[in-house]
Novice: 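Structure incoming, see below.
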Amino acid sequence: RKFPPGPTSLPLIGNIHQLIYYCWKHKGVVPAFDYFRQTYGDVFTLWLGPIPHVSICDYETSQEVFVKNGNKYKDRFLPPIFEHVSENLGLVSANGESWAEMRRFALLAFRNMGVGRDLMEERILAELDVRCAEIDDDAVNGKTIVHISDFFDLTVGSVINSVLIGKRFDFHNKDEFLKLKGLMDSSADLFTIFDLTVPVWLLKKFCPERYRRIVESQVEIINFVSREANERYEKVKSGELTINSENPQDFVEAYLAKMEQEKEKGATNLYSMECLKHVIGDLWLAGQDTTATTLVSGFNQLVNHPEVIKKCREELMRLTDNGSRPLSLKDRAESHYLNATIAEIQRHASILNVNFWRYNHEATTVKGYPVDSGSVITAQLGALHVNNDIFKNAEKFYPERFIEDPKLLNQVIPFGIGKRSCVGENIARSEIY
Ligand code: HEM
């Protein structure tokens, strides 16, 4: 009675059995959440074991809770093993002062890279030029098949690496990327729902081998992505390298400059190499698959909808004087059809089909329902994007819906909402565009 409605729960397991059943019945977790929304309303509760999970499936309520009352919902509810590995450092699996400082810093560093001269855009365009030239060369040499997920994986990885440490992946160091991608994939494969829910002590005691493999794989990724930052740090320390703090060329330079400033001021000790390792690891892990999968999904939609390609092309040819100049991020204000297509791609792709949960520390009401403290709460992005009441014929790929009703664009929130929304939103939007 202290929570929004939901299916009747059982002691200990809560609603886990219904969740499994409806995922099976409706063929996926997003349709299962959509079913719960239709049955219990836009805000409903599922008990996963002893913890009540409140899902919000409409934009207005999500805005009310996570933006207007955003300060109350800053803390992410984390699987115990994530908390254990991160030691509250970094961006994704941290809460409190360190997370807030790193988030502020990351947003500012990314914004500054786009001031004056848009470094981000330059790097994305340079990357795309090289990649497309490779396709042309291959075609000349008779290779006419491109594996699209490899193509986008490498392109996205290269842009992230270039923004973070100023180095893209080319044929000399492609193996570095493949090694990292292999590490990330095998680490993701290791996790099961069991590892994500059980307390760490239990995992350690009863499955020590599993525990060791999970922790080692995470540490290996973090060490791998941060090795060049470490090398640079050593060079700065030995005086071999100086950083122009007024004009950092990449994220790591900006961080090392900030670390130095903080040290001189004798201020916080939040900026450390250990923390930088986790921040870079998080930016990689959160930014690689999400963006690459969106691009692959978009590519597939376009292949299946040649009429959409035709309209996009007509618009872009008009904007770029018949293709006589490259498309620029500045064109976004005028490219209404391409913007609509991208929104439809992201709505359809449903990259994060179950969103991360936040702690609800105090008893409150949401859309007229009580929500007790000790629960967790989220804007359920996947379910929100397939809501037929908002997006008519939601299963249909139909960019025109946003031309017919431009206000609908606001209701597509693939990057989340509020204080924990995506830090890489700008980079991802620029890449997708
Ligand atoms: C299409 C691509 C992307 C999508 C759909 C996406 C989506 C999201 C979502 C839904 C969240 C969680 C929001 C929440 O908890 O409510 C998130 C968090 C995050 N994303 Fe992204 N993301 C994308 C690309 C990126 C990129 C390129 C980066 C970095 C370069 C990035 C870095 C992060 C980080 C660090 C967080 C955690 C933020 C925090 O907890 O404060 N993401 N993203």
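Counting starts at 1 for both ligands and their atoms, following the listed order.
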Novice: Out of P414, C422, S93, who gets a non-hydrogen atom closest to atom 42 (N) of ligand 1?
Specialist: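 Considering heavy atoms of P414, C422, S93, the nearest to atom 42 (N) of ligand 1 sits in C422.
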Novice: Parallel, tilted or perpendicular: which describes the rings of Y271 and Y255, with under 30° parallel and over 60° perpendicular?
Specialist: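 The arrangement is tilted - the two ring planes meet at 30° to 60°.
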Novice: Distance to 0.1 Å, residue and atom name: give those for the protein heavy atom nearest to atom 13 (C) of ligand 1.
Specialist: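 Result for atom 13 (C) of ligand 1: R420 O, 3.2 Å.
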Novice: Between the candidates I280, T290, T378, which shows the shortest non-hydrogen contact distance to atom 24 (C) of ligand 1?
Specialist: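 It is T290 that holds the nearest heavy atom.
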Novice: Quick one: sort the Y22 and H26 rings into parallel, tilted or perpendicular, breaks at 30° and 60°.
Specialist: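 Geometry flag for H26 against Y22: parallel rings.
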Novice: What atoms in ligand 1 come closer than 4.0 Å to a heavy atom of R103?
Specialist: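 By the 4.0 Å cutoff, the relevant atoms are 38 (C), 39 (C), 41 (O).
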Novice: Under the ring-ring contact (aromatic ring centres under 6.0 Å, His included) rule, what pairs show up with a residue in residues 375-412, not counting sequence neighbours?
Specialist: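 Sorted result for residues 375-412: H305-F397, H348-F397.
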Novice: Thinking salt bridges, do K181 and D185 make one under a 4.0 Å N-O criterion?
Specialist: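 The answer is yes: the pair qualifies as a salt bridge.
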Novice: Distance under 4.0 Å to a non-hydrogen atom of A428: what atoms of ligand 1 satisfy this?
Specialist: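 Atoms satisfying the 4.0 Å criterion: 2 (C), 24 (C).
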Novice: What residue and heavy atom of the protein are closest to atom 6 (C) of ligand 1, and at what distance?
Specialist: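 Checked against all protein heavy atoms, atom 6 (C) of ligand 1 sits closest to F415 CD2, 3.7 Å.
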Novice: Please identify which atoms of ligand 1 are closer than 4.0 Å to at least one heavy atom of R358.
Specialist: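 Heavy-atom distances to R358 below 4.0 Å select 14 (C), 15 (O), 16 (O).
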Novice: Suppose I only count heavy atoms of L381 and a 4.0 Å limit; which atoms of ligand 1 are within that range?
Specialist: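 Those qualifying, in numeric order: 10 (C).
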Novice: Is a side-chain N or O of R123 found less than 3.5 angstrom from the main chain of S162, in a donor-acceptor match?
Specialist: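 Side chain of R123 to backbone of S162: a pair is present.
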Novice: Hey, would you say the F105 and F251 ring centroids sit under 6.0 Å apart?
Specialist: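 Between F251 and F105, which both carry aromatic rings, the centre distance is below 6.0 Å.
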Novice: In the protein, which heavy atom is nearest to atom 34 (C) of ligand 1, and how far is it?
Specialist: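 Looking at atom 34 (C) of ligand 1, the protein heavy atom closest to it is A286 CB, 3.8 Å.
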